Visitor: 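I'd like to ask some things about the structure below.
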Amino acid sequence: MKKQRLHVLVMDGQGGQLGSQLIKALQAYQDQLNIIAVGTNATATAAMLKAGAKQAATGENPVIVACRKADVIIGPIGIVIADAMLGEVTPAMAIAVGQADATRILIPVNKCENLIAGVSNLPMSALIQDAVEKLEKIVGERWECLT
């Protein structure tokens with residue numbers, strides 16, 4: 001049986017730095033993943049493309065469409081909060097992410113008036129590594145089921 005690649009949506013806004021770091025960290029898994037980068041603005045999308053994303057789009061409708069197709073959605077916690085990231089996350093985007101039939105790996109970023117209780121202010125590299133480890137576990141379980 002041919003193993004299908006997992007559809008992973010990396011979503012980010014503002015300057016796209018978090019999304020860029022995620023894209024770079026996921027490059028090693030390109031054989032198992034179909035990575036799609038979607039920015040809430042053109043700057044974020046450009047940063048993720050520069051980081052190595054093969055497919056990318058910008059804006060509300062691409063977020064909605066990509067969420068329908070995603071197996072896993074990775075991004076800052078603000079992607080599930082309407083008006084987060086200084087208003088870049090529209091209510092429709094937050095609903096699409098929240099209602100997606102996908103596993104969400106949300107990175108706790110304590111910015112833009114959204115503070116996550118019980119979460120230490122870890123360096124972004126540690127948060128990215130934890131997100132990648134969570135995705136590795138999902139990929140391993142998915143591929144195990146197919147063999």
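Numbering of residues begins at 1 and proceeds along the displayed sequence. When reading the values below, keep in mind they use all heavy atoms of this one structure, side chains included, and skip hydrogens, waters and symmetry mates. Keep in mind it's a predicted model, so treat the numbers as computed, not measured.
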Visitor: Mind listing the closest non-hydrogen atom pair of A84 and G78 along with its distance?
Guide: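 In terms of heavy atoms, the two residues are closest at CB-O, 3.3 Å.
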
Visitor: Report yes if some heavy atom in the side chain of M48 is under 4.5 Å from a heavy atom in the side chain of L22; otherwise report no.
Guide: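 Answer no - side chains too far apart.
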
Visitor: Spell out, as yes or no, whether a donor-acceptor pair under 3.5 Å connects the side chain of R5 to the backbone of Q30.
Guide: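 The answer is yes, because a donor-acceptor pair under 3.5 Å joins these two groups.
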
Visitor: For the CG atom of L26 and the CG atom of L135, what is their distance to the nearest 0.5 Å?
Guide: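 Those atoms lie 6.0 Å apart.
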
Visitor: Distance alone, cut at 3.5 Å: any donor-acceptor contact between the side chains of Q21 and Q17?
Guide: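 Judged by distance alone, the side chains do not pair up.
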
Visitor: I'd like to know whether I23 forms a side chain to side chain contact (heavy atoms under 4.5 Å, CB included) with K50, so could you lay out the CA-CA distance, the side-chain angles of the two residues, the decisive distance to 0.1 Å, and finally the verdict.
Guide: CA-CA 10 Å; I23 296 292; K50 186 176 180 182; over 6 Å; no

Visitor: Under 3.5 Å, which donor-acceptor pairs link side chains of residues 33-41 to any protein atom two or more places apart or in another chain?
Guide:
from: N34; atom 1: ND2; to: H7; atom 2: ND1; distance (Å): 2.9
from: T40; atom 1: OG1; to: E88; atom 2: OE1; distance (Å): 2.5
from: N41; atom 1: OD1; to: T43; atom 2: N; distance (Å): 2.9
from: N41; atom 1: OD1; to: A44; atom 2: N; distance (Å): 2.7
from: N41; atom 1: ND2; to: Q14; atom 2: O; distance (Å): 3.0
from: N41; atom 1: ND2; to: E88; atom 2: OE1; distance (Å): 2.7
from: N41; atom 1: ND2; to: E88; atom 2: OE2; distance (Å): 3.2

Visitor: Are I138 and Y29 grouped together when hydrophobic residues (ILVMFWY) are joined by side-chain heavy atoms under 4.5 angstrom apart?
Guide: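 I138 clusters together with Y29.
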
Visitor: Rounded to the nearest 0.5 Å, what's the gap from CE on M85 to CE on M11? Could you check?
Guide: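 Reported to 0.5 Å precision, the distance equals 6.0 Å.
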
Visitor: Looking at A100 and I73, what are the two nearest heavy atoms and their distance?
Guide: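 The pair with the smallest heavy-atom distance is CB-CD1, 3.6 Å.
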
Visitor: Check whether any side-chain heavy atom of I79 sits under 4.5 Å from a side-chain heavy atom of L106, and report yes or no.
Guide: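 The answer is yes; the side chains approach within 4.5 Å.
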
Visitor: Please name the pair of heavy atoms, one in I107 and one in I74, separated by the smallest distance, quoted to 0.1 Å.
Guide: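 In this case the closest contact between I107 and I74 is CD1-CG2, 4.3 Å.
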
Visitor: Looking at every heavy atom in both V109 and P76, which two are closest together, and how far apart are they?
Guide: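 Closest pair (atom of V109, atom of P76, distance): CG2-CB, 4.0 Å.
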
Visitor: What heavy-atom pair brings P91 and D83 nearest, and what distance separates the two atoms?
Guide: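 For P91 and D83, the tightest heavy-atom pair comes out as CD-OD1, 4.1 Å.
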
Visitor: Measure the shortest side-chain to side-chain distance between I128 and L18 over non-hydrogen atoms and say whether it is less than 4.5 angstrom.
Guide: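 Counting from C-beta outward, I128 and L18 do come under 4.5 Å.
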
Visitor: Are L9 and I95 connected into the same hydrophobic cluster when the rule is that any two of I, L, V, M, F, W, Y join if their side-chain heavy atoms are below 4.5 Å apart?
Guide: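 Shared cluster, no.
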
Visitor: Any donor and acceptor pair, going by atom type alone, linking the side chain of S20 with main-chain N or O of A47 inside 3.5 Å?
Guide: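 Checked: pair present.
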
Visitor: Got a list of side-chain donor-acceptor pairs under 3.5 Å for residues 53-68, not counting sequence neighbours?
Guide:
from: T58; atom 1: OG1; to: T45; atom 2: OG1; distance (Å): 2.7
from: E60; atom 1: OE2; to: T90; atom 2: OG1; distance (Å): 2.6

Visitor: Quick one: list whatever passes salt bridge (charged side-chain N to carboxylate O under 4.0 Å, His left out) with K134, sequence neighbours left out.
Guide: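 Residues passing salt bridge (charged side-chain N to carboxylate O under 4.0 Å, His left out) with K134: D130.
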
Visitor: If I take atom CG from residue L6 and atom CG from residue D71, how far apart are they, to the nearest 0.5 angstrom?
Guide: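 Reported to 0.5 Å precision, the distance equals 4.5 Å.
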
